[in-house]
Visitor: 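One structure, pasted below without further comment.
Atoms within each ligand, like the ligands themselves, are counted from 1 in listed order. From a predicted model like this one, the values you see are computed outputs, not experimental measurements.
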Amino acid sequence: MSEEEVLYEIVDGVATITINRPAKFNALNTSVVTTLRELFKRANTDDTVRSVILTGAGEKAFAAGADITEFQGKNSKTVRSLAENGQELCKYIESMGKPVIAAINGFALGGGCEIAMACDIRHASSNAKFGQPEINLGIIPGFGGTVRLPRLVGLGMAKELVYSGDQIKADEALRIGLINKVFETVTELREGAMNLAKKLVMKPGIAMDLAKQSLNNAWTMPLGKNLDFEVDVFCKTFDTVDKVEGVDAFLNKREAKFKHK
Ligand code: COA
């Protein structure tokens with residue numbers, strides 16, 4: 001594991017995780033993916049961290065996909081752990097109890113796009129480009145792209161992107177719902193993502209976690225079960241210190257100070 005290939009910094013309750021291989025367009029080799037998993041776990045288990053930003057170093061790439069040099073000489077048996085490693089990372093980001101913002105500062109291709117799709121919120125700079133170009137290598141997405149992409153943009157659009165391998169620009173990604181917001185420059189993106197992350201730090205942590213779980217269940221559970229789940233976790237929030245604080249603050253016209261309890 002090379003710690004320098006991924007940077008980790010905490011400011012005001014926001015953990016920023018930066019993929020740091022700019023000369024290789026932040027390509028995701030095995031050690032980067034493994035380190036990302038460790039750092040997301042660190043952020044999730046650190047009580048001083050309440051929201052997370054994932055970004056790429058430099059102004060060219062968020063991540064230009066899995067490191068293609070690792071594909072050479074691999075077959076169906078030896079490549080399995082590579083896909084499983086990526087999928088475990090994506091599942092962890094998606095299910096961890098804190099919100100994760102992808103600040104997409106350039107190319108988000110292949111595994112880069114797939115990891116971004118596992119994040120809760122995607123903001124991008126106007127130079128960002130998105131795509132699942134695996135078909136051009138004779139392979140298909142393996143970090144969850146064929147599953148998460150259609151859920152975000154619809155089956156028809158996902159098929160066009162995966163079959164063609166074409167890249168789309170940030171404004172088109174915004175139009176089809178792949179991302180939430182576009183900033184003109186990378187600097188503005190980083191500021192905007194940090195402002196949003198700091199806003200989320202101030203929200204009640206238990207309610208945030210339960211809202212994330214319930215929203216994720218909208219994708220995975222049949223209607224009825226997910227509604228029952230929402231009632232259960234809605235009720236749970238009423239046993240928290242933060243619910244007492246939030247309601248009291250509203251009624252007394254003051255700002256709530258949440259304790260995440
Ligand atoms: N894996 C390994 N190395 C990668 C990479 C990847 N996914 N993406 C980029 N790189 C490396 C290049 O090999 C090059 O390294 P070098 O300078 O040592 O030769 C460096 O990053 C810059 O890339 P380059 O192709 O020279 O830049 P470009 O501006 O012409 O093109 C991309 C940028 C992103 C369009 C192009 O690099 C690309 O298509 N990358 C692969 C994308 C992909 O297929 N991802 C899915 C993998 S499953």
Visitor: Using a 4.0 Å cutoff against the non-hydrogen atoms of Phe71, which atoms of ligand 1 qualify?
Guide: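 Within the 4.0 Å cut-off of Phe71, ligand 1 contributes 48 (S).
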
Visitor: I want to know if ligand 1 touches Ile68 in the polar sense, i.e. an N/O pair below 3.5 angstrom.
Guide: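 Between Ile68 and ligand 1 (N or O atoms, distance only) the closest approach is under 3.5 Å.
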
Visitor: Do Asn226 and Glu230 have a side chain donor and acceptor closer than 3.5 Å?
Guide: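 No, because no side-chain N or O of Asn226 sits under 3.5 Å from a partner of the opposite role on Glu230.
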
Visitor: What is the nearest protein non-hydrogen atom to atom 44 (O) of ligand 1, stated with its residue, atom name and distance?
Guide: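 Answer, as residue, atom name and distance: Pro133 CG, 3.5 Å.
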
Visitor: Do Glu134 and Glu114 make a side-chain contact, defined as non-hydrogen atoms from C-beta onward lying under 4.5 Å apart?
Guide: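 A side-chain contact exists here, since the closest heavy-atom pair is under 4.5 Å.
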
Visitor: I'd like to check atom 36 (C) of ligand 1 in this structure: does the protein have a heavy atom lying under 4.0 Å from it?
Guide: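 No, no protein heavy atom sits under 4.0 Å from atom 36 (C) of ligand 1.
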
Visitor: Closer than 4.0 Å to some heavy atom of Glu134 - which atoms of ligand 1 meet that?
Guide: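 So the answer, numbered in order with elements, is 48 (S).
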
Visitor: Determine whether any protein heavy atom is located less than 4.0 Å from atom 10 (N) of ligand 1.
Guide: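 Flag for atom 10 (N) of ligand 1 set to true, protein heavy atom closer than 4.0 Å.
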
Visitor: Please tell me whether Thr185 and Glu188 have a donor and an acceptor in their side chains that are separated by less than 3.5 angstrom.
Guide: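 Thr185 vs Glu188: donor-acceptor pair found between side chains.
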
Visitor: With a 4.0 Å cut-off, strictly under, does atom 1 (N) of ligand 1 pick up any protein heavy atom?
Guide: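 Looking at atom 1 (N) of ligand 1, one finds that a protein heavy atom does lie closer than 4.0 Å.
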
Visitor: Sequence neighbours excluded, which residues qualify as ring pair (Phe, Tyr, Trp, His ring centres under 6.0 Å) partners of Phe130?
Guide: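 So Phe130 forms no ring pair (Phe, Tyr, Trp, His ring centres under 6.0 Å) with any residue.
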
Visitor: Applying salt bridge (charged side-chain N to carboxylate O under 4.0 Å, His left out) to Asp248 and Arg254, what does each step give before you reach the verdict?
Guide: CA-CA 8 Å; Asp248 185 71; Arg254 64 175 176 82; 2.8 Å; yes

Visitor: Hey, is Ala64 touching ligand 1 through its side chain, its backbone, both or neither, going by heavy atoms under 4.0 Å?
Guide: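 It is both backbone and side chain that touch ligand 1.
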
Visitor: Is Ala23 touching ligand 1 with its side chain, its backbone, both, or neither, if touching means heavy atoms under 4.0 Å apart?
Guide: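 Answer for Ala23: backbone.
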
Visitor: Would you check if there is a donor-acceptor pair between the side chains of Asp46 and Thr48 at a distance under 3.5 Å?
Guide: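 Result is yes, a qualifying pair exists.
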
Visitor: Looking at atom 31 (O) of ligand 1, what's its closest protein heavy atom, distance included?
Guide: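 Its nearest protein heavy-atom neighbour is Phe25 CE2, 4.3 Å.
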
Visitor: Applying a 4.0 Å heavy-atom criterion (strictly less than), which segment of Asp67 is in contact with ligand 1: side chain, backbone, both, or neither?
Guide: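 Contact part for Asp67 vs ligand 1: both backbone and side chain.
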
Visitor: Yes or no, since that's all I need: does a protein heavy atom fall within a distance strictly under 4.0 Å of atom 21 (O) of ligand 1?
Guide: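 When distances to the protein are checked, atom 21 (O) of ligand 1 has a heavy atom within 4.0 Å.
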
Visitor: Pairs of nitrogen or oxygen atoms closer than 3.5 Å, one from Lys24 and one from ligand 1: do any exist?
Guide: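 Yes, Lys24 has an N/O under 3.5 Å of an N/O on ligand 1.
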
Visitor: For ligand 1, which atoms, with element, lie under 4.0 Å from some heavy atom of Leu109?
Guide: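 It comes down to these atoms of ligand 1: 34 (C), 42 (C).
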
Visitor: Would you say atom 25 (O) of ligand 1 makes contact with the protein, given that contact here means a non-hydrogen protein atom less than 4.0 Å away?
Guide: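 Not a single protein heavy atom is under 4.0 Å away.
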
Visitor: Go through the side-chain N and O atoms of Glu5 and Thr35 and say whether any donor and acceptor fall under 3.5 Å apart.
Guide: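 Absent: no donor and acceptor within the cut-off.
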
Visitor: Could you give all pairs that pass the ring-ring contact (aromatic ring centres under 6.0 Å, His included) test and reach residues 29-54, with sequence neighbours left out?
Guide: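 The answer is none; no pair qualifies.
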
Visitor: Taking the six-membered ring of Tyr8, is NZ or CZ of Arg42 closer than 6.0 Å to its centre and within 45° of its axis?
Guide: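 Yes, a cation-pi geometry holds between Arg42 and Tyr8.
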
Visitor: Under 4.0 Å and counting heavy atoms only, is there anything from the protein next to atom 7 (N) of ligand 1?
Guide: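 When distances to the protein are checked, atom 7 (N) of ligand 1 has a heavy atom within 4.0 Å.
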
Visitor: Do Ser95 and Asn216 have side-chain N/O donor and acceptor atoms under 3.5 Å apart?
Guide: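 There is no such pair between these side chains.
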
Visitor: Under 3.5 Å, is there a donor-acceptor pair linking the side chains of Thr78 and Asn75?
Guide: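 Per modelled atom types, Thr78 and Asn75 side chains form a pair under 3.5 Å.
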
Visitor: Going by distance only, is there an N or O of Ala66 that falls short of 3.5 Å from an N or O of ligand 1?
Guide: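 It does: an N or O of Ala66 is found under 3.5 Å from an N or O of ligand 1.
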
Visitor: Give the atoms of ligand 1, by number and element, whose distance to some non-hydrogen atom of Ala27 is under 4.0 Å.
Guide: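 Reading through ligand 1 atom by atom, the close ones are 1 (N), 2 (C), 5 (C), 6 (C).
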
